[in-house]
Amino acid sequence: MALSFCGNDRGSKAYSVDKGVLDNGCFVDALNLVPHVFLLFITFPILFIGWGSQSSKVQIHHNTWLHFPGHNLRWILTFTLLFVHVCEIAEGIVSNTWSNHLHLFMPALMGFIAATTSVVYYHNIETANFPKLLLALFIYWILAFITKMIKLWKFAEASLGVQQLRFCITALLVVLYGLLMAVEINVIRVRKYVFFANPQRVKPPEDLQDLGVRFLQPFVNLLSKATYWWMNPLIIGAHKRPIELKKIGKLPIAMRALTNYMRLKDSYEEQRDPDKSPSIWKSMYRAFGGSILLSSTFRYMADLLGFAGPLCISGITANMTFGVYFMSSTELLQNTSVLAVLLFLALVLQRTFLQASYYVTIETGINLRGAMIYNKILRLSTSNMSMGEMTLGQINNLVAIETNQLMWFLFLCPNLWAMPVQIIMGVILLYYLLGNSALIGAGVILLLAPVQYLIATKLADTQKSTLDYSTDRLKKTTEILKGIKLLKLYAWDNIFCDRVEETREKELTSLKTFALYTSMSIFMNAAIPIAAVLATFVTHAYVEEVRLSPAKAFASLALFHILVTPLFLLSTVVRFAVKALVSVQKLSEFLQSDEIGDDSWRNTEMSMSLEVGKKYKYHGDVSAHTRICTLKVRSHLQLLVNFRAQNPVRWAKGFHADFVNDGFFTWGSNLSTLSDINIRIPTGQLTMIVGQVGCGKSSLLLAMLGEMQTTSGKVYWMTPKMPKSGFSNVDCLKNRYSVAYAAQKSWLLNATVEENITFGSPFNKQRYKAVIDACSLQPDIDLLPFGDQTEIGERGINLSGGQRQRICVARALYQNTNIVFLDDPFSALDIHLSDHLMQEGILKFLQDDKRTVVLVTHKLQYLIHADWIIAMKDGSLLREGTLKDIQTHDVELYEHWKTLMNRQDQELEKETEMESQTTLERKTLRRAFYSREAKNQIDDEDEEEEVEEDDDDNMSTTTSRRSKIPWKMCCRYLSSGGFLMVFLMVSSKLAKHSVMVAIDYWLAAWTSSNQSLIAEVIMFIILCGAAIALCLITSLTVEFLGVAAATNLHHNLLNKIIHAPIRFFDVTPLGQILNRFSADTNIIDQHIPQTLESLTRSTLLCLSAIGVIAFVTPSFLIALVPLAVAFYFIQKYFRVASKDLQDLDDSTQLPLLCHFSETAEGLTTIRAFRHEARFKQRMLELTDTNDTAYLFLSAANRWLEVRTDYLGAVIVLTAAVAAIWTSSQSGLVGLGLTYALTVTNYLNWVVRNLADLEVQMAAVKKVNSFLSTESENYEGSMDVSQVPEDWPQHGEIKIQDLCVRYDTMLKPVLKHVNAHINPGQKVGICGRTGSGKSSLSLAFFNMVDVFEGKIVIDGIDICKLPLQTLRSRLSIILQDPVLFSGSIRLNLDPECTCTDDRLWEALEIAQLKNMVKALPGGLDAVVTEGGENFSVGQRQLFCLARAFVRKSSILIMDEATASIDMATENILQKVVMTAFADRTVVTIAHRVHTILTADLVIVMKRGSIMEYGTPEILMEQEDGLFASFVKADM
């Protein structure tokens, strides 16, 4: 039958116009075509020309993008218009039953095309910013509005009303065209591009003019916003080359940390109220409430649309059976094809809204994470830190965990109010479908929900305890790794290893509980819907008279699936809400914790100094200078006078930079650390603070800097006030508001050496050079691989203590400040360097500049240089004055000093040419590089073997390698879990999914057939029971597989690393090893099992769904091919991009956290320098970078989800259409569609989990790489039983032809050494740097590779002994003191073999007994991490005590006196002579005078012994090496 526009009914008067032209319906429809054709005619040429010219040029840059007024409204209206056109087409086709009336749907089709064109056209005009062309659209809307109005008017005349569908559609179109017309008029009104004399010029948003901004989500059009279309180039490009930071650019201004920080801060400050503390919740709501509401709206729309699925299934299944000219609205909805299309549209919209909701909340969450905490850190009071109220760990947690918890809560919070609505709607619909029996099913779900919640809370608790254990384990591991050399030398590695294993056991118990609860949670999720369906359908079968129809059965099945999601999520959301409450509590406590006192004296002057600098220049006229200084003194007269009145005795000439009046200072716990302090610091002079270890010298400096809590008294800082006479002197005003401060514990930034020294000041080459020379850093810098551009600090190269300290001193010298505080800068330096620093740095560099210097020191020989001396004792002032004053007034003190000074002076005279500590440090540095390079070579070789084709950098190989899934590692992981578990997991998973399909198939067969009820119900119950049981088994197997794998991997890793040779630790950075134990272990413990479970589940679900659909409608397989291809490419592109973005997120987070912990560690320094603002700025930059990466990552996730969701919708559409056309049995159709609906949910999970697993498997790979480390040979060839109990009895050592190297790859460090040491001899070993002295000491412990010759101790070759035995029978004192956290007892005797008396005796020998007695707990007193609660000198003494506890007949001292004051060193030398009178002592000396009294001296050079004999004999050899050393030393 031929088609014709007005139909070709015989005898119809389709073309007659007897009653007037407009009364012919067909003609009115034809009229409706006019506007559409008009628009197409006008816009196509314009678009064509535009595109033609554009394609030749580069695409218009995004900085011309801008949105015309009403942009979003126009897009929404156009989409609605398209939808209405689709309805119009459907209505036309369905009502066109008897003959082919083209006019019923042709105009609608043209309208659809025109509407699509209009939006494309509009988009191009907008990006080109050429509004004049919008006129065409304006005319189109008017014409369309008029023609539709005529049609509506004619319908009304023919008395058609709302009950006819076509009337409704036409009315809707009129409204939409009217609204679009209004939008157009509004654009004209605002932009005035036509009908107005002066059109308004509009610039694109500021962000887009900045080419660095690449995050375009806020600026693209609505469609691109909804589908993340603008991400395409990035994600597809990632395949060719990895995404780098440059590629993701900067954040738009509105999203930057600073903007959001200000928003939050303002709303936080607004609620400042003396009565109650501000609430973070309120401020969050004030700052970000709008976005949360928007997100919730999207969420509601998505949830309501979600119910379209089950209803459409019900419609399609019910109407699987196959006119009117005007049809009613309900009839259209009974057409299955229409329903299929509607279902498709509903799904697409639902998913779009859902993703939009997610995106908005994520953006808000990220905005919240900003810089709130950081600002506070810079004001934290120091006492909080030292009293342990707030540890670095807690502060880092605030950043890493608490803010993220809040962010996650924001992600999930729309669920809190969306879910109840979803549940209520679901229950109502179920009731509508199934009647009362639905309530039973819903009841089952609701009853089991509290159980879910219970499990969720238990999970959270377990996770918390796991976290505590793992933190503890990590702390212990860190300590082991830091002190590994000591542990190995003392043979304590196994004891400490067991300590870690103990904690790990607790952690694993916790993990097992965690695994149990997780599997219960998964089980509940899977089992609840089965139980609910079972209860509902069985009840329905027996209670209701009506037989269950397929339509109702499958609609309710789909509804049950919808209901479970919110209930499952609800438990998670509630858990996160609880966590968020805790986090907010912690953040509030943190934000309200003590701040440092208000430094008004510093802040007020800040502005002044700058102004002075600008206004006045000093021309070097001397009289002006003196006048200034007198003025300066006069302006302070008032203060000084009353100072004088109080302390007439101490009044002295000069005026003071700083003085303290009746100061009582404390570190918090109400105990005065410093009491009754009255001191003054003269300006431009050198003040020294001296006193014994632990008497409060450092505290005094900090008290002056305002870091301690002042209980009473005042600290005055003098600042030159502005003289009235209108001139000032810039020299007098060297930004004195910042104090250059070098702390006792050196603090470095993760930056280059140069940046550490300049510390934000402008670089001045001459000054920089002078400072480096004064601190003699040049030789050290020359050793570094990139000179002073080498990264040092946490993630950089580890420098030794002396090098770090000198860099810190250099920083203080370089800064252009009036006042310099140096806290014991000589403690880690040897005598040369100390002298050089004193002469060149302090006396010359600082004094020439007339800077006020305050120096804390133990080196009394420098007192002669001091202009003013402050002597401290036990936290109060002992004396103050010049050296002369003290000499006259306090003879006793002066004499005491003199004796100590004499000792020091002797040392000074013995200026040695010998190995000094510095050269030693330089040696270790060189050794580290040497070893690192060797290691790198080895590594490189390994890598080359792994990746043969990496050299030919053709895109295909790299791409294929980047998009491969690491199957090898997965196998490695599964094998760690044990094969039985793997087999159980696989088989139970397959069984479970088969049974699940069987249940639904049975349901289809049951509802479609008419057999006896009993048999069917019984079978149904059996299947459901089996499914529930299998759910339990699968969830348990996966989780426990994970625990088994985690247990094995960690155990092997720990043992491998603890037993690795010492060389491994020289070569491998500590941070890298720690990462394996922290981040990687955490991933293996907690993340991989869940990802694995989720991946297997969603993959199997998708496969079973596709299988079922294919079984119901085989024709679906044809459509599956293109869908599968699309899916393959989407997941391939996404996985690569996601991995890159994930890496970027991780790699940008690290500097952020490092910067945080750095700041927290260096608080006192940063504040003394007044550099808070600079650090804050850096923080904002780092936060922004990390946020950019995170935003891109979440946008990429949305990109994937939108695409997989659309694919899922297409699957549903094809399944429905295939079912309708093949018109198979209705029960099976319902089955197919129900499964098709689940696919949309699970497709993106498959891809996401694949991507996650890929990232997480990297952790297994890293751990695995360490498992191939060689271990030391602990066995030895002798049995322990063959070694006498008391060996070595005498302490006789024979070294025969000994050759030693650090590694098989490296050259020998000792060559053919021979020596014989008799029992009880005191032996000194000396020699220049690199002569092999330390290597010899390590050889005694078999720590290095002895490849020739042997060392025989008391008749036994040590290489044959088991390492444990050998090392446990010798003692050594190392240069760096190492203490472990725990008790003092643990540090002296971890094996717990000694009596208390023996320990007290050792402490007494080491002069520590009184101090330890005074501590609470005595021997069980607490030692904090690294022994931080003792001074460095005390720590060294503890190490001595440790050596005394082990009553070994051989003691090796590796220059153990570097970091103690003279008095203590005196004691030490005496002790060694008395306590060890009968033992063999080998001393490795860096200063010859310490071994002049030895029985035997060995002089080494380049790994061989050059001279050997008693000191007297060697001194007589005039031209001998030893003699030359001693001469140089005299």
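- Salt bridge absent: E502 and K476 never bring a charged side-chain N and a carboxylate O closer than 4.0 Å.
- Side chains of N1055 and H1059: a donor-acceptor N/O pair is absent below 3.5 angstrom, by distance only.
- A cation-pi arrangement, defined by a distance under 6.0 Å to the six-membered ring centre and an angle within 45 degrees of its axis, is absent between R1367 and F1341.
- Between the side chains of D1297 and H1312, a donor-acceptor pair is found at a separation under 3.5 Å.
- Within 6.0 Å of the CD atom in E1270, the count of heavy atoms belonging to other residues, nucleotides or ligands does not exceed 12.
- Taking the charged nitrogens against the carboxylate oxygens, D1085 and R504 do have a contact shorter than 4.0 Å, which makes a salt bridge.
- Ring-plane geometry between H1050 and F1077 is classed as perpendicular, the angle between the planes exceeding 60 degrees on a 0 to 90 degree scale with a lower cut at 30.
- Taking a 6.0 Å sphere around NZ of K1311, one finds it holds more than 12 heavy atoms contributed by other residues, nucleotides or ligands.
- A salt bridge links R1301 to D1345: at least one charged side-chain nitrogen sits closer than 4.0 Å to a carboxylate oxygen.
- In this structure, R1446 forms no cation-pi arrangement with Y490, as its terminal cationic atom is not both closer than 6.0 Å to the ring centre and no more than 45° off the ring axis.
- Put simply, SG on C808 and CG on N756 are 7.5 Å apart, with the number rounded to the nearest 0.5 Å.
- Residue R473 is tested with E501, E479, E507 for a salt bridge (Lys or Arg N to Asp or Glu O under 4.0 Å); the sole match is E507.
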